[in-house]
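In what follows, chains carry the letters A, B, and so on, assigned in the order in which the sequence lines appear, proteins first and then strands, with residues in each chain numbered from 1. Just the heavy atoms: all of them, side chains too, but no hydrogens, waters or symmetry mates, feed the values below.
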Amino acid sequence: MIRLGLCCKLFNEPIKFHTTTARYLSGLSSAERENKISGLCLHNAKSLLSAIRFCHQQKIGSFRINSRILPLKTHPDFGYDIMQIDQASEIVGFFEQCAVLAKQYNIRLTFHPDQFVLLSSPNIEITRKSIEELEYQAEICELVGADVINIHGGGAYGNKKSALNRVTAVLKNLSDSVRTRLTFENDDRIYCPKDLLPFCEENDVPFVYDVHHHRCLEDGLFIEEVTDRAIKTWDREPLFHISSPKYGWDNGKTNLHHDYINFIDFPDYWKALNITVEIEAKAKELAVVKMQKYLKQYIGV
DNA sequence: AGCGGTCAAGTTGAT
DNA sequence: ATCAACTTGACCGCT
């Protein structure tokens, strides 16, 4: 059984997540600021509940939560504690409803921190801020029952091996809440499966296999081989990613994502597995539904 | 309602 | 030197 995942937002459905900027907040009074943030967080918590209901209706088995669900939560000037917000109890209440519904409907929830969150940097300040961001996302994971916080290897800094050694050292300092959810994904420019699989195997961290990135950054390993080894790094349902190139495979920029998934890009080898596959496509739920229909010929998705 | 300028953050490679 | 790309363009303020 394959569980397909929707990423962050919806294309056609009137379910929106709102955000703001530090620049805008800087022009507000302290009271206005708190009011603005509180309203956004409450709206986003409600939207997440709506998104979970929508996924259930559409038989979509997984939803990735946008990192900005609590806007500017870890910003150095405008960051805040969720419990200090005006409508904290309401917001937390909605998150707890999300947890109940997601469990009842068997919808897996995940996070994917953005490119600024990396544990390989030689700059300890960057590492510190990254950990802070991971802790924030883990806090919401606890509330809503999400089980994955997935990041990339980050930069190479001239030596991928020593960069990954820095990550290994950082792993020991993470809270259980982060450590039990943290996963690493191969990217399309620096860290291929051949780099990350040994790291994940040695450090007991699940490996998120993005087959599109693997096709953009080949390393000599076959899809079947990487798939098997990736699955072994998981103590729960493995998580994979798929997307298709916007302009095809022979037209320059293969890393740009298409509106939909080209069916031939979905590995045959995956079709008999019990895995979650997050659909990274611009048309969002439309792409997930389309893929569902395609896979139904093979298996009961 | 529509549009242009703007937005916290790191790193890399293309131009 | 600048910029786009990355998991996601959205938001504000002006016309």
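Look at the C1' atom in both C/dT8 and B/dA1: the space between them is 24 Å, to the nearest Å.
In this structure, the ring of A/Tyr191 has its center no less than 6.0 angstrom from the ring center of A/His152.
In the set C/dT7, C/dC11, B/dT12, the nucleotide with an atom closest to the side chain of A/Glu280 is C/dT7. Checked against C/dC11, B/dA8, C/dT7, the side chain of A/Thr19 finds its nearest nucleotide in C/dC11. With B/dT11, C/dT7, C/dT8 as the candidates, the nucleotide lying closest to the side chain of A/Lys284 is C/dT8.
Note: CG (A/Asn44) to C1' (C/dC11) measures 13 Å, nearest angstrom. Taking atom NZ on A/Lys16 and atom P on C/dC11, their separation rounds to 9 Å, with Å as the unit.
Using a 5.5 Å limit on the distance between ring centres and a 30° limit on the angle between planes, the aromatic ring of A/Phe116 counts as stacked on the six-membered base ring of B/dA9.
Comparing A/Asp210 and A/Tyr24, the nucleotide of DNA chain C nearest to each residue sits closer to the 5' end for A/Asp210.
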Can you check side chain to side chain contact (heavy atoms under 4.5 Å, CB included) on A/Phe111 and A/Leu109, steps first, answer last? CA-CA 7 Å; A/Phe111 275 85; A/Leu109 299 175; over 6 Å; no

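Judged by distance alone, the side chains of A/His213 and A/Glu185 do bring a donor and an acceptor atom under 3.5 Å apart. Inspection of the A/Arg181 and A/Ser177 side chains reveals an N or O donor paired with an N or O acceptor under 3.5 Å.
One finds no side-chain N or O of A/His213 lying less than 4.0 angstrom from the OP1 or OP2 phosphate oxygen of C/dC6.
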